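Protein chains get the first letters and strands the later ones, always in sequence-line order, with residue 1 at the start of each. The shown structure was predicted, so the numbers you read here are calculated from the model rather than taken from an experiment.
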4 protein chains.
Amino acid sequence: MQSRTPSPLPRTGRPRSAAADAAILEATRAALVDLGWSKLTMGDVATRAGVAKTTLYRRWAGKNELVVDAVAVLFDELELPDNGSLAADIGGVVLQFAALLNRPETKTALMAVVAESTRDEPLRERIRTSIVDRQKRLVLEGRARAHARGELPLEADPAAAARTADLIFDVVAGAVVHRTLVSAEPVDEEWVDRFTSLLLGGLASVQS
Amino acid sequence: MQSRTPSPLPRTGRPRSAAADAAILEATRAALVDLGWSKLTMGDVATRAGVAKTTLYRRWAGKNELVVDAVAVLFDELELPDNGSLAADIGGVVLQFAALLNRPETKTALMAVVAESTRDEPLRERIRTSIVDRQKRLVLEGRARAHARGELPLEADPAAAARTADLIFDVVAGAVVHRTLVSAEPVDEEWVDRFTSLLLGGLASVQS
Amino acid sequence: MQSRTPSPLPRTGRPRSAAADAAILEATRAALVDLGWSKLTMGDVATRAGVAKTTLYRRWAGKNELVVDAVAVLFDELELPDNGSLAADIGGVVLQFAALLNRPETKTALMAVVAESTRDEPLRERIRTSIVDRQKRLVLEGRARAHARGELPLEADPAAAARTADLIFDVVAGAVVHRTLVSAEPVDEEWVDRFTSLLLGGLASVQS
Amino acid sequence: MQSRTPSPLPRTGRPRSAAADAAILEATRAALVDLGWSKLTMGDVATRAGVAKTTLYRRWAGKNELVVDAVAVLFDELELPDNGSLAADIGGVVLQFAALLNRPETKTALMAVVAESTRDEPLRERIRTSIVDRQKRLVLEGRARAHARGELPLEADPAAAARTADLIFDVVAGAVVHRTLVSAEPVDEEWVDRFTSLLLGGLASVQS
DNA sequence: CATTAACCGAGACGGTACGTCGGGTCTTACT
DNA sequence: AGTAAGACCCGACGTACCGTCTCGGTTAATG
C-alpha cells in the first residue's frame with residue numbers, strides 16, 4: 001500500500017508525487033463504482049486522476065495490483081465493536097463486513113482479483129498481505145476479549161489455537177462472502193443471529 | 001448445455017452441429033487449464049475447437065456465458081457418498097468439493113464469473129441455475145438421510161428449515177472456497193474433521 | 001501500387017474492401033497536405049478514411065510504405081508534351097515536374113521517404129519501382145522523338161546510350177528537386193530556359 | 001557550433017560547458033551512424049554524450065536543429081582541389097561530395113532535415129546558412145580559377161553571372177545527390193567524366 | 001573569499017503516437 | 001440455414017519519446 005517502494009535510496013532526480021498516488025487510488029475506486037472491474041481501464045483511471053498513463057505504470061504493474069491497493073485501505077476500516085458479549089461482537093463485525101462487501105467498489109473488485117490471483121502467485125501474496133491477513137486481527141481480538149470475559153476457555157496447545165483461529169476466519173469470511181456475492185441474499189439481523197449461533201455452538205465442539 | 005436454446009422453432013435450414021457444441025466446451029476447458037480465465041480468448045477457443053468464431057457467437061453471447069456452461073457440467077459430478085454417518089457424509093462431500101476447486105479449470109473460472117456476475121444480473125441468474133442451486137440438492141439429500149438415520153430432528157417450520165439449509169450451504173461452500181482460493185491452504189482430513197465438527201456442533205444450536 | 005498483394009489464391013473469407021484502399025490513399029494525401037510528413041499519424045489517416053487502424057496495417061507495413069503508394073500515383077500524371085522541339089519538350093516536362101514537386105503532398109513526402117530509404121533497402125526498391133523508374137520513360141520517349149525529328153544522333157553502343165539516359169535522368173530530376181526543395185527558388189521560364197540550354201549543350205559533348 | 005548563442009549578455013553564473021557541446025555533437029553523429037535519422041532519439045544522444053536531456057534542450061530546440069549542426073561541420077571539409085584544369089577540378093570536388101554523401105551520418109540525415117524544412121521555414125534558413133550556402137564558395141572559387149586560367153570567359157552582367165552560379169550549383173549538387181541517394185548508383189570515375197563533360201559542354205551554351 | 005546565478009545529473013511528469021490484440025460483426029463461398 | 005475463413009470497426013493495451021519540470025548539487029565570475 002503505502003511503502004510500496006521502500007525507497008532504497010533513490011535520492012536523485014525529481015521525487016515521485018505523493019499527490020499523484022492519492023489521486024490515482026481515489027480515481028480507481030471511483031472507476032470501480034462507475035464501471036466495475038471488467039470495464040475499468042488504466043487509461044480511464046489516468047484521465048480521472050489527471051495523470052499520465054506512464055505515471056500509473058511507473059507505480060503499479062497493472063490493473064490487478066492497482067485495484068488491490070485501491071481497495072485494501074477500505075478493509076482497514078473494519079473494527080471489532082464492544083457489544084458486551086462475544087455473540088454480539090461477532091454479529092457486529094459480520095454486519096460491518098457485509099456492508100463493506102456491498103459497497104460497489106469492493107463487490108466488483110474483490111472476487112475479480114482473487115480470481116486473477118489463482119494464476120499469479122505474487123498477486124496472491126499481495127492480496128494476502130494487504131487485505132486478508134490484516135483482518136485476522138479481528139478474530140484474535142475477539143477471542144482475547146472472550147477469554148477476558150470468561151466466555152471461552154483457553155486452548156492449551158497454541159498450534160491448535162492458531163488452527164482454530166484460521167478455521168473461524170475461513171468460515172466467517174467465506175460464509176459472508178458467499179451469502180453476499182454468490183447467493184446474493186441479504187446479510188440481515190436474522191441471518192446474522194442464526195449464523196452467530198451456529199458458529200458459537202460449533203466452537204464449543206471444536207475446542208473440546 | 002442444458003437447454004441453452006430450447007429450440008422454439010428451428011424447422012428449416014441446416015441444423016446446428018452437435019459435435020461442434022461438445023468440441024467448443026471441451027476446448028474451453030482446455031483453454032482454461034492452459035491460459036486461465038483472463039487470457040482465454042474466444043478466437044483461441046474457436047481455433048482449438050476447429051470451429052469458426054461465428055459458430056461460438058451463434059450459441060453463446062460471450063466469454064462469460066461460454067465459461068459458465070463449460071464449467072457447470074463439472075459440478076454435476078459431485079455426489080453425496082454414503083459413509084454411514086452424517087459427519088462422514090459431510091466430510092466426503094467437502095473433500096470432493098475441495099478437489100473440484102483445485103482443478104485448474106474451476107479454480108480460475110469460478111471466482112471470475114462470479115465477479116462478473118456482480119454487474120450482470122442475467123449472468124448471475126445463469127450461474128445460479130447452472131451451478132449453485134444444483135448443488136443445494138446435496139444439502140437436502142444429506143439432511144434427509146440424517147433424518148432417516150435419526151441423527152437430526154425434523155424442523156417443524158418448513159420456512160425455517162429452508163433458511164437453515166441455505167445457511168448451511170453458504171457456510172460449507174463459503175468456507176471451502178475461502179480456504180482453497182483465498183487462504184490457499186489445503187483442505188485435508190484434519191481440516192475437514194475440525195470443520196465438520198464445528199458445523200455439526202453449531203447445527204444443534206441453530207435448530208433449537 | 002495496386003497489386004500490392006498478387007493474391008496467390010486466398011479466395012476464402014471476406015475479401016478486402018477495394019473502397020477502403022482508395023479511401024486510405026486519398027486520406028493519406030489529404031493528411032500530407034494538412035500536416036506534412038512528420039506530423040502525419042497512422043491513426044489520423046485511419047480516422048480520415050473512416051477505417052480502423054488495423055485495416056491500414058493489414059495492407060501496409062507502416063507510414064513509409066503507405067506514403068510511397070499514396071504519392072506514386074501523382075507521378076504517373078507526368079507526360080511528355082509535344083511542343084515541336086526537343087528543347088521545348090524538355091522545358092515542358094521540367095515545368096510539369098516542378099509543379100508536381102510544389103504540391104504540398106509531394107513536397108513534404110518525397111524527400112522524407114527517400115531519407116528513410118537510405119536505411120531500408122526494401123523501401124528503396126519500392127520507391128524505385130513505384131516512382132523513380134516509371135519516370136525514366138520520359139527520357140526515353142524524349143530521346144526517341146528527338147531522333148525522329150533528327151535533332152539528336154543515334155548512339156551506336158546501346159550500353160552507352162543507357163548510361164547517357166541515366167545521366168540525363170539524374171541531372172534533370174536532381175537539378176529540379178534541388179532547386180525546388182533545397183534552394184527553394186522558383187522553377188520559372190527563365191530558369192528552365194537556362195537549364196535546358198545547358199543540358200542540350202552538354203548533351204552534344206557527352207555523345208561525342 | 002557557429003554562434004548558436006551569440007551570447008548577448010551571459011555575464012553571470014556558471015558558463016556552459018564547451019566539452020558538453022562537443023560531446024553532444026559527436027554523440028549525435030555516432031547515433032546517426034548506428035540508428036539513422038528516424039530512430040535517433042534525444043534521450044539516446046544524451047546518454048551517449050554522458051549528459052542530461054536538459055543540457056541538450058538548453059542548447060538546441062530539437063532533433064532537427066541538433067542534427068543540422070552535427071552534420072554541418074562535415075560539409076566544411078570539402079575543398080576545391082587544384083588539379084590543373086577546370087574539368088579536373090570539378091571532377092575532384094564531385095568525388096569529394098559523393099564520398100561525403102556516402103558517409104552514413106550524412107546519407108541518413110541530409111535528406112531528412114531537408115524534408116522537415118519544407119514545413120519549417122526557420123529550419124530551412126538554418127540549413128541554408130549552415131550547409132548549403134557555404135558550399136557555393138566552391139562554385140565561385142572554381143569559376144575564379146577558371147577565369148585565371150583563361151578557361152572560361154567573364155560574364156559581363158554580374159546578375160547573370162550569379163544566376164549561372166546558382167544554376168551550376170543546383171545541377172551539380174542535385175545530380176550527385178540524386179545519383180547517390182535516389183538512384184543509389186555509384187559516383188565513379190566514369191560517371192564523373194561523363195557528368196563533367198556534360199556540364200562544361202553545357203556551360204558554353206549557357207554563357208553565350 | 002563569500003555570494004550568487006546559471007549550470008548540471010537524474011529522473012518523474014503530462015502528453016501523443018505507436019503497433020498489437022481481442023471483441024463482436026459482417027461478407028464471402030461452400031455445405 | 002449452418003459453416004470456415006477472414007476482413008472489418010472498435011477500444012484498450014503497454015511502451016517509447018517528446019519536451020518540461022523539479023530536485024540536490026556544482027562551478028566560475030562578481031562584489
Nearest-Å distance for atom pair [atom1]/[atom2], residues [X] and [N]:
X	N	atom1	atom2	value
C:Asp21	F:dC8	CG	P	8 Å
D:Asn64	F:dC18	CG	C1'	13 Å
D:Arg58	F:dC21	CZ	C1'	12 Å
C:Trp60	E:dG19	CH2	P	15 Å
C:Arg48	E:dA17	CZ	P	12 Å
C:Lys39	F:dC18	NZ	P	15 Å
D:Leu40	F:dG19	CG	C1'	15 Å
A:Lys63	E:dC21	NZ	P	19 Å

| query | Has the side chain of D:Arg16 got a donor or acceptor that lies under 3.5 Å from a partner of the other kind on the base of E:dC7? | reply | no
| For the base of F:dC8, is there a side-chain donor-acceptor partner from C:Arg14 under 3.5 Å away? | no
| Taking for each residue the nucleotide of DNA chain F bearing the nearest heavy atom, is the 5' side occupied by A:Tyr57 or by B:Ala18? | B:Ala18
| Mapping B:Gly50 and D:Thr54 onto DNA chain F by nearest heavy atom, which one lands closer to the 5' end? | B:Gly50
Identify which nucleotide among [options] has an atom closest to any side-chain atom of [X], counting heavy atoms from C-beta outward.
X	options	result
C:Ala20	E:dG9, F:dC8, F:dC17	F:dC8
D:Ala52	E:dG19, E:dG9, E:dC13	E:dG9
A:Lys53	F:dT3, F:dT15, F:dG19	F:dT15
D:Ser17	E:dC13, E:dC8, F:dT20	E:dC8
C:Met42	F:dC10, E:dT25, E:dG19	E:dG19

| query | When you check the gap from the basic side-chain N to the acidic O, do D:Arg59 and D:Asp21 get nearer than 4.0 Å? | reply | yes
| Whichever of A:Thr55 and B:Asp44 has its nearest DNA chain E nucleotide further upstream toward 5' | A:Thr55
| query | How do A:Ala49 and C:Thr41 order along DNA chain E: which one's closest nucleotide is nearer the 5' end? | reply | A:Ala49
| message | Measuring from atom OG of A:Ser38 to atom CD of B:Glu116, what distance do you get when rounded to the nearest 0.5 angstrom? | response | 4.0 Å
| query | How far apart are the closest heavy atoms of B:Glu105 and B:Val33, and which atoms are they? | reply | CG-CG2, 3.3 Å
| query | Any side-chain heavy-atom pair from D:Glu65 and D:Asp69 closer than 4.5 angstrom? | reply | no
| said: Any heavy-atom pair between the side chains of B:Met111 and A:Leu110 that's under 4.5 Å? | reply: no
| field | Phosphate OP1/OP2 of F:dT3: any B:Arg59 side-chain N/O under 4.0 Å | value | yes
